[in-house]
There are 2 protein chains.
Amino acid sequence: MSKCEQCIVRQFNSLKALTKEELMRVSACKTTQIVKKGDNIFEEGDSLNGIYCIRDGVCKLTKLSENGKDQVVKLALKGGMIGQRSLISGEPSNLTATAVNDMQVCFVPKSEIIQDLQKNPDFSMDVLKNMAKDLKNSDDQLVDMAQKTVKQRLANTLVYIHQKFGSDENGFLALTLSREDYASIVGTATESAIRILSQFKKQGLISTKGKQIKIEDDTGLLRVE
Amino acid sequence: MSKCEQCIVRQFNSLKALTKEELMRVSACKTTQIVKKGDNIFEEGDSLNGIYCIRDGVCKLTKLSENGKDQVVKLALKGGMIGQRSLISGEPSNLTATAVNDMQVCFVPKSEIIQDLQKNPDFSMDVLKNMAKDLKNSDDQLVDMAQKTVKQRLANTLVYIHQKFGSDENGFLALTLSREDYASIVGTATESAIRILSQFKKQGLISTKGKQIKIEDDTGLLRVE
DNA sequence: TACATAATATGACAAATATCATAAAATATA
DNA sequence: TATATTTTATGATATTTGTCATATTATGTA
């Protein structure tokens with residue numbers, strides 16, 4: 001089994017603030033798991049006994065609304081950590097984590113993390129900073145959700161995914177999501193999302209091939225009204 | 001000037017986790033200010049050199065959207081702390097804090113707080129827990145904003161304010177907000193908020209007297225479709 | 001390959017919400 | 001108290017968005 005000390009992914013999250021000794025302990029107690037596309041890592045209401053560090057792949061964090069629709073709250077990718085909020089508050093998870101493509105994640109037990117939070121101020125400060133960043137993102141999303149049109153939100157989402165995940169060799173977004181996923185990021189009906197994508201296509205802002213999407217004009221998308 | 005050691009308000013926030021010595025230092029370096037209704041404590045983009053502990057009164061934390069409308073992200077009341085997120089991330093404030101009624105707030109300089117975060121794991125853990133709670137609230141709000149109707153959101157807001165702020169001697173909500181404030185909490189046009197309030201009144205869910213609102217049927221409000 | 005299944009696409013229509021106009025009431029101010 | 005100003009209220013209408021129906025295309029599987 002591979003060691004955390006040699007894992008590059010760690011540089012992208014709070015684990016980089018651990019001392020060599022702490023990291024070795026984490027490495028010794030962690031377990032690595034393969035998660036197949038579509039499978040859940042954990043579900044809303046689950047008690048989490050640790051956190052997950054994403055070695056590879058992407059997952060969506062969603063919450064089921066009373067109307068029966070899932071809302072995507074966040075996308076987490078390679079280097080991300082999920083489950084910290086729940087671990088810190090000691091409450092069951094507020095969100096469901098579902099693999100958007102095949103993933104490899106490392107589970108680190110709660111006891112080790114809590115101990116490091118208590119002993120290592122650099123680590124706890126870094127976790128605090130990441131949580132602060134999440135909170136800012138969440139607040140900003142809330143404002144957009146409240147004040148922007150569906151069209152604007154979908155345009156922003158496309159640009160965001162372009163920026164965050166880049167393009168493949170053919171120019172298509174490297175992260176392929178279903179139209180339903182787009183709809184539940186944007187907070188709209190799947191048909192509405194599809195309709196607006198068609199419109200963007202006619203306007204030359206994007207092009208598509210099956211479910212794959214190519215961004216043709218980022219700035220144009222950001223100008224959508 | 002009054003001392004933090006004797007301040008009850010502290011019990012409601014992370015400052016309760018400080019040691020006696022730390023608290024005395026905070027008390028020595030803090031400054032108390034009066035903020036009049038409608039005045040800003042800080043604005044979006046301001047660099048904050050500390051955090052504010054609310055001794056009395058209520059403020060709204062808002063963000064201006066590109067469409068020119070303010071969105072309320074959070075209401076903070078007596079015992080609450082504002083500005084922590086910005087202090088921790090080291091970024092300018094993401095939100096504007098405006099007094100909804102007359103307030104008294106204590107400003108604690110950044111240097112003192114940072115030092116305590118570094119030295120006192122109980123304190124940093126408590127700040128972390130509060131941030132985790134804020135994050136959960138923000139995520140939940142996001143889901144509601146995306147998936148619930150304006151009517152449901154306004155009903156939920158009324159119940160929330162009833163729970164959080166209670167009623168005055170005449171049964172009216174103890175926190176009086178303008179219809180415009182309600183609209184920018186719910187994320188709708190002021191006219192829509194007013195229209196729906198009128199509807200709730202006809203249904204006997206609330207009653208009003210000027211801008212004052214009395215909740216007549218909490219459970220009924222929560223059942224609104 | 002052929003079939004079944006799921007995902008995407010689009011039309012028609014209904015419902016929700018925003019906008020503009022204007023009136024009435026409440027509140028602040030002289 | 002009288003007046004000006006703001007806030008609340010409501011109607012008319014336009015726009016946005018959701019829902020249901022159905023066709024088409026893509027994708028997985030035997």
From CA spacing to verdict: side-chain contact (heavy atoms from CB on, under 4.5 Å), Cys4(B), Leu15(B):
CA-CA 9 Å; Cys4(B) 296; Leu15(B) 297 177; over 6 Å; no
Checking Asp134(B), Asn137(B), Thr62(B) against Lys74(B) for side chain to side chain donor-acceptor pair (under 3.5 Å), the one that qualifies is Asp134(B)
Value in whole Å for how far the P atom of dT17(D) lies from CE of Met145(A)
12 Å
Is it true that Lys148(B) and Glu66(A) have a side-chain N and a carboxylate O under 4.0 angstrom from each other?
yes
OP1, OP2 of dT8(D) versus side-chain N and O of Ser198(B): anything below 4.0 Å?
no
Value in whole Å for how far the P atom of dG11(C) lies from CD of Gln199(A):
12 Å
Can you figure out which of dT17(C), dT19(D), dT17(D) approaches the side chain of Ala189(A) most closely?
dT19(D)
Residues touching DNA chain D, which here means a heavy atom under 4.0 Å, drawn from residues 205-214 of chain B:
Lys211(B)
Are OP1 or OP2 of dA9(C) and a side-chain N or O of Lys201(A) less than 4.0 angstrom apart?
yes
Under a 4.0 Å threshold between the charged nitrogen and the carboxylate oxygen, would Arg153(B) count as salt-bridged to Asp144(B)?
no
Any base atoms under 4.0 Å from Lys69(A), or only sugar-phosphate, or nothing? Heavy atoms, all strands.
sugar-phosphate
OP1 or OP2 of dA9(C) sitting under 4.0 Å from any side-chain N/O of Lys202(A)?
no
From Leu95(B) atom CG to Cys59(B) atom SG, the distance as rounded to the nearest 0.5 Å:
10.0 Å
Within the pair Ser178(B) and dT7(D), is there a side-chain N or O less than 4.0 Å away from OP1 or OP2?
no
dA16(C) phosphate, OP1 or OP2, under 4.0 Å from Ser192(B) side-chain N/O
no
Give the minimum heavy-atom separation between Glu44(A) and Asn94(A), together with the two atoms involved.
CG-O, 3.4 Å
Please round to the nearest 0.5 Å and tell me the distance separating atom CZ of Phe107(B) and atom CD1 of Ile41(B).
12.0 Å
Below the 4.0 Å mark, does dT8(D) have OP1 or OP2 next to a side-chain nitrogen or oxygen of Thr190(B)?
no
With the threshold set at 4.0 Å, does a side-chain nitrogen-carboxylate oxygen contact exist between Glu91(A) and Arg85(A)?
yes
Looking at the base of dT19(D), is there any donor atom on it, or on the side chain of Arg195(A), that sits under 3.5 Å from an acceptor on the other one?
yes
Near-ring test Tyr160(B)/Phe165(B), centroid separation under 6.0 angstrom:
no
If you restrict it to nitrogen or oxygen atoms, what contacts under 3.5 Å exist between nucleotides 28-30 of chain D and the protein, and what is each distance?
none

